[in-house]
Amino acid sequence: MVSNSEISSRLLELAGLTALADGSTNSFRARAYQAAARAVEELAEPASQMSQTALTALRGIGKSTAAKIFELEGTGRIEKLEKLRREFPPDFVEMTRVPGLGPKKALLLRDRLGATSVDDLKRAIAAETLRDVPGLGPKTEQNLFRAIERLGIGGKERRTPIIDAMRLAHEITAALSEVEGVERAEHMGSLRRFRDTIGDLGVIVAASGEHQAVADRFVSLPLVEETVAFGARKSVVLVTSGMQVDLRIVEPAQFGAAALYFTGSKAHNIRLRQLAADCGWLLNEYGLMDAGTQGVIAAVTEEDVYAALGLDWISPEIREDWGEIEAAAAGALPELIQEDHLRGDLHVHTDWSGDGRGTLTATVAAAQERGYEYLAITDHAEDLAINGLSRERMLEQREALAGLEGSMMTVLHGAELNIGRKGTVDYDPGFLAGFGWGVASVHSLFDMPAAAQTERLITAMFDPAVNAIGHLSGRRIGRRPGIEFDVDAVLTAAAESRCAIEINCHLDRLDATAEVLRLARDRDVLFTIATDAHDARELANTRWGTRHARRGWVERDRVVNTWPKRRFLEWVEEKRGSKR
DNA sequence: GCCGTTTTCGGCCCGACTGTTTTCAGTCG
């Protein structure tokens, strides 16, 4: 059976090649394939097993695409895709990935110079023959040369892990905030939507009066390596890490419209502009306006613009045209989780285990300062050879914790257990029963087959000592892919076992992934939002975990550490008293 | 290629910047 992700990537490839065939990345057919790919990605059931009627009922999939899905399922290929692949071989497609080289120029180079690969392109640039092609000149030659040199092949697809992008964004917005006349400087784009990886970093600045000083400051920041574009409203630079940063400067009265526009996603924006057009209005980065009189209808805040379009304000993390617009129109948006809903942290390390840095006292005090009602200390258990605590040390720690009692906050003595090859965890049942909380995580054997990983996770979930599964996939964004497992089976087991799935707050992890969280929407799955803090300051990482959870459409009541202490502790005990 | 209480044909979001042009096409987001 062909999986939805396979179908989706075939459709995306079809979109890319169709864009080449049509000479535009915005060709309607290319966009239609993109929309179809998105529709398939969002499906909970396998598209290849659905009826034609059910498939074509989905927005974005018509008869033609449905037929291609069945063709792929039946024959393992899509004839139209095969034909396009022959017309545009991989080397040529790779050439079109060079920034600044779109379908039109690429086809022109192929027709005029016979260039069909990046190597051909390099040779043409070196021989200075590119400038002889009508419509191209020495400047284009130079820009393409620099693009290849600087970004390499695939420059357009390069993505930066969110942790690096966030750091960069804060540095840039802090510097721009200091420029006189600047009222606000904020990151937008996929970083504000909290995607795991970021393509280009988008920043908007609201400034009254002179805009030039802002642009000047921007392109002269120390980390700027190269200025790609420099204009009154818009500038683009490449920074030392190779990331592209786009700056837009707007009037303060236009900030809402600009924020909406530059946060995207593109698909979300297109839907909004269609809604505007239906009312005879025009929506762009400067505001929502009457198409005829140009009179401004809304622009100051995002809420204003959404309200004028008849929509509730939509949280940036879910602006992907995943159904949020319909929900907002119906007043049926879910109550998404927010940071101030949290009443405790359930995955926290101290210096008792090797990689923690805060003392027990300092960690507990920091949690108390955050106003928490409960906290679980979860240092590594003994099977983690490097950092794990022996039984003796665990008992000592429990005693030390008892000495810290006396506050309103309940401190649970827990452990971060290691999920073994077969799904068993550290210690023995008797010793495990002594803990008040258990979070179990995969720390080893990342490359076992998916079926074995699935079994392993499910076994751990049903263990009475396991209240939650930590960082479900074990991924490190941009560095380690994480284990493969059957999402459907694991979510079903989570609902059945009443074991929570952790939403790990570390920017490096953000695990379980948003895709898994979204797929859990239709089931009775519980979550924790936990920091996995190794330092008291990291308790503040809840700000990341809650944004990630919102991207997964996680509602407040699904998150056990939003519950009042009594309800929370009852659930903990119920699970710990369960039988396999 | 998709879609439809104006439609089964004719629409399909909108604008900035660059380079190459002498008013606009290409690329990008």
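In this text, all values refer to a predicted model and were calculated from it rather than measured experimentally. Chain identifiers are assigned alphabetically (A, B, ...) following the order of the sequence lines, protein sequences preceding nucleic acid strands; residue numbering begins at 1 within each chain.
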message: On the nucleotide B:dT20, are OP1 or OP2 found under 4.0 Å from the side-chain N or O atoms that A:Thr140 carries?
response: yes
query: Does A:Gln244 have a side-chain nitrogen or oxygen under 4.0 Å from the phosphate oxygens OP1 or OP2 of B:dG29?
result: yes
query: Are any of A:Asn26's side-chain N or O atoms less than 4.0 Å away from OP1 or OP2 of B:dC13?
result: no
query: How close or far is atom C1' of B:dC28 from atom CZ of A:Phe262, stated in whole angstroms?
result: 12 Å
message: Taking B:dT20 as the reference, what is the distance to B:dG26 when you measure between their C1' atoms (whole Å, please)?
response: 11 Å
message: Using a heavy-atom cut-off of 4.0 Å across all strands, would you classify A:Ala232 as base, sugar-phosphate, or nothing?
response: sugar-phosphate
task: Send over the distance from A:Leu14 CG to B:dG1 P, rounded to a whole Å.
output: 8 Å
task: Count the heavy atoms belonging to other residues, nucleotides or ligands that lie under 6.0 Å from CZ of A:Phe145, then report whether that count exceeds 12.
output: no
message: By the rule that syn is within 90° of 0, classify the base conformation of B:dT7 as syn or anti.
response: syn
message: Rounding to an integer number of angstrom, what distance separates B:dT8 and B:dC2 when you compare their C1' atoms?
response: 12 Å
Interatomic distance where CG belongs to A:Asp200 and C1' belongs to B:dA16 [whole Å]: 15 Å
Pairwise C1' distance, B:dG1 and B:dT6 [rounded to whole Å]: 23 Å
message: Just the rounded figure in Å: distance from P of B:dC14 to CZ of A:Phe28.
response: 11 Å
query: Has A:Asn284 got a side-chain N or O lying under 4.0 Å from the OP1 or OP2 atom of B:dG15?
result: yes
- request: Check the pair A:Lys80 / A:Leu14 against side-chain contact (heavy atoms from CB on, under 4.5 Å), numbers first and verdict last.
  value: CA-CA 8 Å; A:Lys80 168 139 194 187; A:Leu14 207 44; 4.1 Å; yes
field: Distance test, side-chain N/O of A:Lys80 to OP1/OP2 of B:dG1, below 4.0 Å
entry: yes
field: Exceeds 12 heavy-atom contacts within 6.0 angstrom, atom CD of A:Glu6
entry: yes
task: Identify whether any heavy atom of A:Leu58 sits under 4.0 Å from a base atom; if not, whether one sits that close to sugar-phosphate; answer base, sugar-phosphate or nothing.
output: sugar-phosphate
- prompt: For A:Arg271, does the CZ atom sit with more than 12 other heavy atoms under 6.0 Å from it, leaving out its own atoms?
  reply: yes
- prompt: With rounding to whole Å, what would you report as the distance between B:dA16 and B:dG10 at their C1' atoms?
  reply: 29 Å
- prompt: Within the structure shown, what part of the strands sits under 4.0 Å from A:Pro103 by heavy-atom distance: base, sugar-phosphate, or nothing?
  reply: sugar-phosphate
message: In whole Å, measure the gap between the C1' atoms of B:dC12 and B:dC17 for me.
response: 25 Å
task: Can you figure out which of B:dA16, B:dG29, B:dC13 approaches the side chain of A:Gln274 most closely?
output: B:dC13
task: Would you kindly give the CG-to-P distance between A:Leu108 and B:dG19, to the nearest whole Å?
output: 17 Å
field: P spacing across the pair B:dG4 / B:dC13, given as an integer number of angstrom
entry: 14 Å
A:Arg110 charged N/C atom sitting above A:Phe92 aromatic ring, 6.0 Å / 45°: yes
query: How close do A:Gly264 and A:Asn269 get, heavy atom to heavy atom, and via which atoms?
result: CA-ND2, 3.6 Å
statement: pair_partner(B:dG11), Watson-Crick or wobble, both distances < 3.5 Å, evaluates to B:dC2
- request: Between B:dT18, B:dC12, B:dG15, spot the one nearest the side chain of A:Leu282, thanks.
  value: B:dG15
- prompt: Do other residues, nucleotides or ligands put more than 12 heavy atoms under 6.0 Å from A:Gln294 CD?
  reply: yes
message: For a quick check of understanding: with a heavy-atom distance under 4.0 Å over all strands, which category does A:Arg31 fall into, base, sugar-phosphate or nothing?
response: base
query: Contact class for A:Gly60 (heavy atom, under 4.0 Å): base, sugar-phosphate, or nothing?
result: sugar-phosphate
task: Look at all strands and tell whether A:Arg29 reaches a base, only sugar-phosphate, or nothing, counting heavy atoms closer than 4.0 Å.
output: base
- prompt: OP1 or OP2 of B:dA16 sitting under 4.0 Å from any side-chain N/O of A:Lys234?
  reply: no
field: Whole-Å distance separating the NZ atom of A:Lys68 from the P atom of B:dC2
entry: 7 Å
field: side-chain N/O A:Arg273 vs B:dC12 OP1/OP2, d < 4.0 Å
entry: no
OP1 or OP2 of B:dA16 under 4.0 Å from side-chain N/O of A:Tyr261: no
query: Which part of the nucleic acid, if any, lies within contact of A:Leu272, taking any heavy atom under 4.0 Å across all strands shown: a base, the sugar-phosphate backbone alone, or nothing?
result: nothing
query: Distance check: side-chain N/O of A:Lys266 vs OP1/OP2 of B:dC14, anything under 4.0 Å?
result: no
